[in-house]
**Student:** 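Just passing along the structure, written as structure tokens.
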Amino acid sequence: MSQISKVYNPSEVEDKWYKTWVESGCFKGKVDSKKEPYSIVIPPPNVTGVLTMGHVLNNTIQDILIRRARQMGKSAVWIPGTDHAGVATQTKVEAYLRKEGLSAKKLGREKFLEVAKQWRDKHGGIIIEQLKKLGASCDWDRLVHTLDADYSKAVLTAFVKLFEQGYIYRGKRMVNWCPVNLTALSDEEVIMTPQKSKLYRMKYELVDEPGKFLEIATTRPETIMGDTAVAVNPKDERYSRYIGKKIWRPFPKAQIIIIGDEYVDMSFGTGVLKVTPAHDPADFELSKKHNLPVIEVMNADATMNGLAGPEFEGLDRYAAREKAVEMLREMGQLVAVEDYENNIGFSERGNVPIEPRLSDQWFLRYPKVAEAKEAVESGAIKFWPKRWEKTYEHWLDNIRDWCISRQIWWGHRIPVWYRKGVANPDMHNPDEVYVGVEPPADPQNWVQDEDSLDTWASSWLWPFATMGWPDPKAQKERGMDYFYPTSDLVTGPDIIFFWVARMIMAGMEFLPGEMKDKIPFKNVYFTGIIRDMQGRKMSKSLGNSPDPLAIIEKYGADGLRFGVMNCAPQGQDILFSEERVELGRNFCNKLWNACRFRQMSQPQDNSSLDKIVRRLDRSKMDADDRAIISSLIKCSEEISKDYLLYQFNSITQRLYSFFWNDFCGWYLEVSKSRLNDPEAMQTVLAVEDLCIRQMLLLLHPFMPFITEELWHNMGYGADGSFIQDQSPSFAGELEKAGIVVDAEALEQTEKLKDFATVARALKAKCNLGSKRDVRLLVMPVDDGNLLKSNTEKLKKLIGAASIELVGQQSEMPASLCDLGTVYIDVRGNVDAGAELARLGKEREKLENAIKAARARLANQAFVSKAPANVIEGAKKQLSENEAKLAEILKIIDGLKA
RNA sequence: GGGCGAUUAGCUCAGUUGGUUAGAGCAUCUGCUUUACACGCAGGUUGUCGGGGGUUCGAGUCCCUCAUCGCCCACCA
């Protein structure tokens with residue numbers, strides 16, 4: 001055992017152990033047929049991202065599960081990796097290029113990708129180093145990046161398979177278009193945000209009835225130029241007669257038709273809808289139904305084009321809106337402008353409203369939707385908390401085709417080639433269109449599709465593409481047969497559609513076997529979202545996002561991990577503040593010092609559980625020994641149950657409470673006096689060593705560094721093995737030695753604790769709290785033997801010179817406890833008034849309790865219907881309280897006399 | 001508009017199937033260098049468990065209802 005410092009200093013310890021672990025290869029996942037497999041794939045962070053508190057929560061949970069699995073004797077692997085994050089990275093690289101006076105366009109695809117790769121390699125991987133600081137025990141040899149050659153092959157293989165089965169198609173559809181990033185987005189990437197806007201009421205003149213107008217309400221006057229119809233509800237008596245007639249579009253001035261469609265809500269606005277097929281998804285549907293022309297008046301960047309007319313060409317959509325309103329006003333066709341709040345879809349990355357845009361894109365009709373639903377409904381995949389299953393099902397029930405093409409270069413280029421010189425290639429004619437994982441043999445005759453795939457169209461393969469799929473050799477090397485399906489997935493509910501649901505469908509589609517073999521994971525644990533103390537989401541713009549690395553620097557990774565887990569109830573959002581971490585840091589320090597205290601006594605052989613158990617001499621154990629071991633057994637059992645339910649905060653609370661209160665607060669204190677007794681000392685030290693050993697084991701998944709350090713400092717890891725490979729179970733070994741949970745000892749200890757608390761409170765009330773030599777007298781309720789046999793340690797604990805057993809006393813401040821009446825000798829310095837006031841309060845409390853208990857017991861319904869143990873309890877409580885009250889009354893009388 | 005969650009001490013939250021006098025950490029107040037730990041020890045203060053109704057011998061816990069806050073989904077211009 002080595003000397004350890006007074007205050008725990010995490011940084012050296014953490015760096016030292018992480019290095020040792022990695023060098024030893026103890027995080028490596030190995031196929032071992034003798035062991036049960038346990039696997040997790042990391043939700044791949046953005047390769048150029050930095051660690052956030054969300055990552056801390058997420059990855060701490062994964063690390064806890066992995067380390068626990070190792071301790072439980074499983075062969076565990078945690079597969080790490082990073083995501084290329086298509087649009088996000090492309091945007092960042094473009095911003096960088098702009099600063100350099102360059103642009104993606106100028107560079108061209110090849111050059112751009114070169115720069116982007118350099119940029120990624122320079123900024124990438126920071127987050128991986130940060131995860132190491134956190135203690136994440138990933139198998140780093142398996143690090144995967146979604147743009148790796150193997151992984152890319154998997155992505156393209158999936159594309160080709162789906163294309164061949166007709167799930168993937170290309171078509172001109174209305175998509176969500178980001179005018180900043182100039183790409184299509186999926187529905188999931190659109191963030192609906194309520195906006196304060198205006199509702200413009202304007203009037204269009206009827207062609208057949210000059211001077212007569214229909215009033216129309218719109219929020220988007222800038223799209224007037226693209227109107228190709230006006231629609232009314234055929235049931236609407238106000239307007240139905242105009243159906244089929246023509247109306248003047250104000251600009252560019254043209255006649256457009258009035259159509260009737262049930263879709264129009266008569267009660268909204270004026271009941272007349274302008275139809276702009278090229279710039280509104282609903283209007284586009286109307287145009288198909290009614291065969292309307294489609295006029296695009298906007299460019300990709302949301303500026304107006306030539307078709308909008310010379311007044312508008314080149315204007316941004318919002319400038320165009322103002323211009324259109326102004327023109328309407330000048331023409332006398334603007335009726336009113338009203339304040340209005342509506343939901344606008346925003347582009348997540350571009351942070352601007354998306355523009356519905358008609359364009360040629362690639363779509364995926366989702367495969368295996370029903371199977372994916374069944375996987376969760378049948379319980380093959382379990383969600384924690386369960387309520388997310390509803391969200392998942394609802395999404396699957398309303399699923400729509402996924403736009404998987406992005407007009408960016410950073411990503412997996414769509415593996416489709418078109419025959420040069422063919423104007424409108426037929427997708428299903430191999431002479432005109434080539435679809436394959438490898439490029440065509442005669443590339444000079446083909447042109448590849450320019451688009452790349454949505455990032456999620458690569459990450460949805462994550463659980464098996466990281467294990468070598470679709471290459472059988474790689475799968476064998478990485479033990480896919482053994483490790484797939486993965487055991488647990490830990491992620492945020494915000495990507496339940498983006499990622500979780502899609503991974504399930506991908507597993508169902510691409511993997512062979514029965515459902516239990518195809519599912520990508522058996523359990524999904526959805527974390528809460530980390531917020532600040534005001535409940536706001538953490539964001540860079542608010543500046544409320546603490547830097548986890550700075551926190552680790554200040555408090556240690558173990559403190560951070562413990563603090564976060566302590567306040568992270570299952571599936572509930574977490575309001576985070578640094579104070580949480582202080583709790584964790586303080587707990588580390590407590591642990592550290594308890595071990596330091598133990599090391600002040602002579603070292604013993606701690607090299608195995610067996611050796612410690614053999615040092616426990618049952619004949620020399622007292623109630624405190626038996627009680628603390630009983631608590632330890634119970635604590636460990638409860639924790640095992642909590643793990644099965646993913647109740648991590650409950651685990652931290654049990655560990656904290658046992659170690660701080662039961663072990664340090666009581667056991668170490670009461671046994672201090674026994675350390676002077678050579679007979680008792682050996683047993684006390686053995687009990688201490690056992691408790692500390694088991695605590696280190698149970699704490700290890702939460703606080704890997706300090707527990708590893710102490711494990712070795714305290715001599716538990718004498719054979720050099722790591723704590724992560726040691727089983728935390730011990731009750732069986734104890735049982736063999738005849739040591740089991742001792743309810744009587746626990747009860748006795750509770751009584752002694754109660755006595756100490758009451759006595760100390762009594763001291764404090766008499767302003768003698770800091771005196772170490774008060775004289776205590778006790779009138780016991782029983783024979784007083786428990787007190788007699790524990791007098792020495794109680795004196796020490798309470799700060800008393802003597803504890804004498806006596807009969808009824810008077811004129812002494814007193815309190816009641818389970819063991820009897822405690823008096824304190826204050827030698828005539830009693831403040832009778834204060835004492836009476838205090839006792840009066842206590843008397844009132846007891847009287848109320850007695851009254852309530854009597855009423856309950858007098859209630860025939862209660863006595864006849866309540867279970868026997870409840871009635872017994874009530875009776876016992878009543879008689880105890882009656883005895884206490886009688887005692888209080890005697891003391892009060894004594895004081896008055 | 002639909003769905004989900006939350007509402008318990010000044011703050012952040014526990015409270016498993018209804019069962020004695022509702023807990024923890026932080027904060028706050030008082031006292032304390034006691035064989036480790038002031039990142040500590042001892043003691044104290046703080047609650048009509050969001051409102052209302054119901055079921056029950058008994059409700060923080062189950063049911064109904066209302067309110068407030070938050071999240072997700074939804075093409076009303």
Side-chain angles (χ1 to χ4, degrees), chain A residues 6-8 174 192 199 216-220 231 263-265 267-270 272-276 280-285 342-343 345 356 385 387-388 390-391 394-395 398 493-494 496-497 529 531 533 535 555 559 566-567 569 571-577 579-580 582-583 585-601 641 645 647 649-650 653 656-657 664-665 668-669 672-673 675-676 756-757 760-761 763-765 767-770 772 796-799 845-846 848-849 852-853 856 859-867 869-871 873-874 876-878 881:
Chain A
K6 191 166 168 178
V7 173
Y8 173 55
M174 193 59 92
M192 298 306 287
L199 186 66
I216 301 174
T218 183
T219 54
R220 303 207 62 193
Y263 164 77
V264 180
D265 181 349
S267 61
F268 186 87
T270 60
V272 186
L273 172 71
K274 74 186 203 59
V275 182
T276 321
D280 184 281
D283 292 4
F284 182 67
E285 291 307 310
N342 59 348
N343 281 329
R387 67 185 144 86
W388 292 110
K390 263 195 187 173
T391 308
H394 182 258
W395 186 74
N398 296 284
D494 48 334
I496 187 168
F497 313 135
I529 292 166
R531 300 170 178 282
M533 288 310 277
Y555 297 100
N566 189 237
C567 69
Q572 229 46 6
D573 286 357
I574 295 128
L575 304 192
F576 178 82
S577 80
E579 283 166 20
R580 314 276 198 187
E582 269 181 50
L583 171 92
R585 189 262 324 250
N586 293 354
F587 189 50
C588 287
N589 196 241
K590 189 74 179 174
L591 185 63
W592 187 255
N593 274 289
C595 290
R596 208 161 67 88
F597 173 72
R598 167 62 187 88
Q599 289 188 319
M600 290 164 67
S601 301
K641 287 184 205 158
L645 298 172
Q647 308 269 23
N649 66 322
S650 171
Q653 280 156 25
Y656 186 95
S657 167
C664 295
L668 286 189
E669 293 302 327
K672 272 177 184 171
S673 54
L675 288 177
N676 300 326
T757 304
R760 284 193 290 221
K763 276 178 68 187
K765 277 167 196 155
N767 289 322
L768 299 171
S770 49
R772 304 288 304 154
K796 200 163 180 49
L797 205 62
I798 294 162
K845 223 167 133 187
L846 283 167
N848 285 338
R856 196 159 48 237
N859 185 336
Q860 201 47 50
F862 174 71
V863 179
S864 60
K865 290 187 184 174
N869 64 322
V870 173
I871 296 174
K876 196 175 158 206
Q877 184 212 346
L878 175 62
N881 282 339

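Every chain is numbered from 1 and lettered A, B, ... according to where its sequence line falls, protein lines coming before strand lines.
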**Student:** Would the base of A36(B) count as contacting Glu669(A) through its side chain, where contact means a donor and an acceptor less than 3.5 Å apart?
**Tutor:**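 Such a pair is found, so the answer is yes.
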
**Student:** Name the closest nucleotide to the Ala764(A) side chain, picking from G43(B), A36(B), U35(B).
**Tutor:**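 For Ala764(A), the side-chain atoms sit closest to G43(B).
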
**Student:** Determine the contact category for Ser673(A): base if any of its heavy atoms lies under 4.0 Å from a base atom, sugar-phosphate if only primed atoms, P, OP1 or OP2 are that close, otherwise nothing.
**Tutor:**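 Answer is base: heavy atoms of Ser673(A) come under 4.0 Å of a base.
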
**Student:** For the side chain of Gln653(A), counting heavy atoms from C-beta on, which of C39(B), A14(B), A77(B) is nearest?
**Tutor:**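 Minimum distance to the Gln653(A) side chain belongs to A14(B).
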
**Student:** Classify Cys588(A) by what it touches in the nucleic acid, base, sugar-phosphate, or nothing, heavy-atom distance under 4.0 Å.
**Tutor:**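 Answer is nothing: Cys588(A) stays at 4.0 Å or more from every strand.
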
**Student:** Mind checking what makes ring-ring contact (aromatic ring centres under 6.0 Å, His included) contact with Trp395(A), not counting sequence neighbours?
**Tutor:**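 Here the qualifying residues are Tyr366(A), Phe497(A).
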
**Student:** When we call it a touch if two heavy atoms are under 4.0 Å apart, what does Lys672(A) touch: a base, just sugar-phosphate, or nothing?
**Tutor:**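 Answer is base: heavy atoms of Lys672(A) come under 4.0 Å of a base.
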
**Student:** Restricting both atoms to N or O, compile the protein contacts to nucleotides 25-30 of chain B shorter than 3.5 Å, with distance only.
**Tutor:**
{"residue": "C26(B)", "atom": "O2'", "partner": "Glu579(A)", "partner atom": "OE1", "Å": "3.1"}

**Student:** Could you list the residues that satisfy salt bridge (charged side-chain N to carboxylate O under 4.0 Å, His left out) with Lys796(A), not counting sequence neighbours?
**Tutor:**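 Residues passing salt bridge (charged side-chain N to carboxylate O under 4.0 Å, His left out) with Lys796(A): none at all.
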
**Student:** Give a yes/no answer on whether the side chain of Lys390(A) brings an N or O atom under 4.0 Å of OP1 or OP2 in C4(B).
**Tutor:**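 For C4(B), OP1 or OP2 has a side-chain N or O of Lys390(A) closer than 4.0 Å.
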
**Student:** Which is true for Asp283(A) with a 4.0 Å heavy-atom rule: it touches a base, it touches only sugar-phosphate, or it touches nothing?
**Tutor:**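 Result for Asp283(A) = nothing.
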
**Student:** Measuring only the P atom in each nucleotide, how far is G3(B) from C49(B)? A whole number of Å is fine.
**Tutor:**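 So the two P atoms sit 30 Å from each other.
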
**Student:** Does a side-chain N or O of Lys590(A) approach OP1 or OP2 of A38(B) to a distance below 4.0 Å, or not?
**Tutor:**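 It does not, given that no N or O in the side chain of Lys590(A) lies less than 4.0 Å from OP1 or OP2 of A38(B).
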
**Student:** Indicate, with a heavy-atom threshold strictly under 4.0 Å, whether Lys796(A) touches base, sugar-phosphate, or nothing.
**Tutor:**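 Base contact.
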
**Student:** Between C4(B) and Arg387(A), counting only base atoms on the nucleotide and side-chain atoms on the residue, is there a donor-acceptor pair under 3.5 Å?
**Tutor:**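 For Arg387(A), whose side chain was compared with the base of C4(B), there is no donor-acceptor pair (under 3.5 Å).
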
**Student:** Pick the closest RNA chain B nucleotide for Leu668(A) and for Leu199(A) by heavy atoms, then say which residue is nearer the 5' end.
**Tutor:**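 Closer to the 5' end of RNA chain B: Leu668(A).
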
**Student:** Represent RNA chain B in dot-bracket notation, 5' to 3'. Only Watson-Crick or G-U wobble pairs with both distances under 3.5 Å count; pseudoknot-style crossings use [ ] and interstrand partners use |.
**Tutor:** (((((((..((((.....[...)))).(((((.......))))).....(((((..]....))))))))))))....

**Student:** How would you list, by chain and number, every residue that makes a side chain to side chain donor-acceptor pair (under 3.5 Å) with Glu285(A), sequence neighbours excluded?
**Tutor:**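 Result, side chain to side chain donor-acceptor pair (under 3.5 Å) vs Glu285(A): none returned.
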
**Student:** Please state the C1' separation for the pair G43(B) and U17(B) - nearest whole angstrom.
**Tutor:**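 Nearest-Å result for G43(B) against U17(B) at atom C1': 37 Å.
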
**Student:** Quick one: list whatever passes side chain to side chain donor-acceptor pair (under 3.5 Å) with Asn589(A), sequence neighbours left out.
**Tutor:**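 Only Asn593(A) meet the side chain to side chain donor-acceptor pair (under 3.5 Å) criterion with Asn589(A).
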
**Student:** Grab the N/O contacts between the protein and nucleotides 71-75 of chain B below 3.5 Å, and write none if there aren't any.
**Tutor:**
{"residue": "A74(B)", "atom": "N6", "partner": "Asn343(A)", "partner atom": "ND2", "Å": "2.9"}
{"residue": "C75(B)", "atom": "OP1", "partner": "Arg400(A)", "partner atom": "NH1", "Å": "3.3"}
{"residue": "C75(B)", "atom": "O2", "partner": "Tyr263(A)", "partner atom": "OH", "Å": "3.1"}

**Student:** Not counting sequence neighbours, which residues clear ring-ring contact (aromatic ring centres under 6.0 Å, His included) with Tyr555(A)? List them please.
**Tutor:**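 Once residues adjacent in sequence are excluded, Tyr555(A) has no partner under the ring-ring contact (aromatic ring centres under 6.0 Å, His included) criterion.
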
**Student:** Look at all strands and tell whether Ala594(A) reaches a base, only sugar-phosphate, or nothing, counting heavy atoms closer than 4.0 Å.
**Tutor:**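 Base, at least one base atom sits under 4.0 Å.
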
**Student:** Residues in side chain to side chain donor-acceptor pair (under 3.5 Å) with Asp265(A), at least two apart?
**Tutor:**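 Asp265(A) satisfies side chain to side chain donor-acceptor pair (under 3.5 Å) with Ser267(A) only.
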
**Student:** In chain order, what residues pass the side chain to side chain donor-acceptor pair (under 3.5 Å) check against Lys274(A), with sequence neighbours excluded?
**Tutor:**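 Applying side chain to side chain donor-acceptor pair (under 3.5 Å) to Lys274(A) gives Thr223(A), Asp227(A), Thr276(A).
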
**Student:** What pairs with Arg220(A) under salt bridge (charged side-chain N to carboxylate O under 4.0 Å, His left out), at least two apart in sequence or on another chain?
**Tutor:**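 Partners of Arg220(A) by the salt bridge (charged side-chain N to carboxylate O under 4.0 Å, His left out) criterion, ordered by chain and then number, come out as Glu222(A), Glu355(A).
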
**Student:** Please say whether the positively charged group of Lys590(A), taken as NZ for Lys or CZ for Arg, lies over the ring of Tyr656(A), i.e. under 6.0 angstrom from the six-membered ring centre and within 45 degrees of the axis.
**Tutor:**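 Because its charged atom misses either the 6.0 Å distance or the 45° angle limit, Lys590(A) does not stack over Tyr656(A).
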
**Student:** So, is Lys6(A) close to the C37(B) phosphate, meaning a side-chain N or O under 4.0 Å from OP1 or OP2?
**Tutor:**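 It does, given that an N or O in the side chain of Lys6(A) lies less than 4.0 Å from OP1 or OP2 of C37(B).
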
**Student:** Salt bridge (charged side-chain N to carboxylate O under 4.0 Å, His left out) with Lys641(A): which residues, sequence neighbours excluded?
**Tutor:**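 Salt bridge (charged side-chain N to carboxylate O under 4.0 Å, His left out) check on Lys641(A) returns Glu638(A).
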
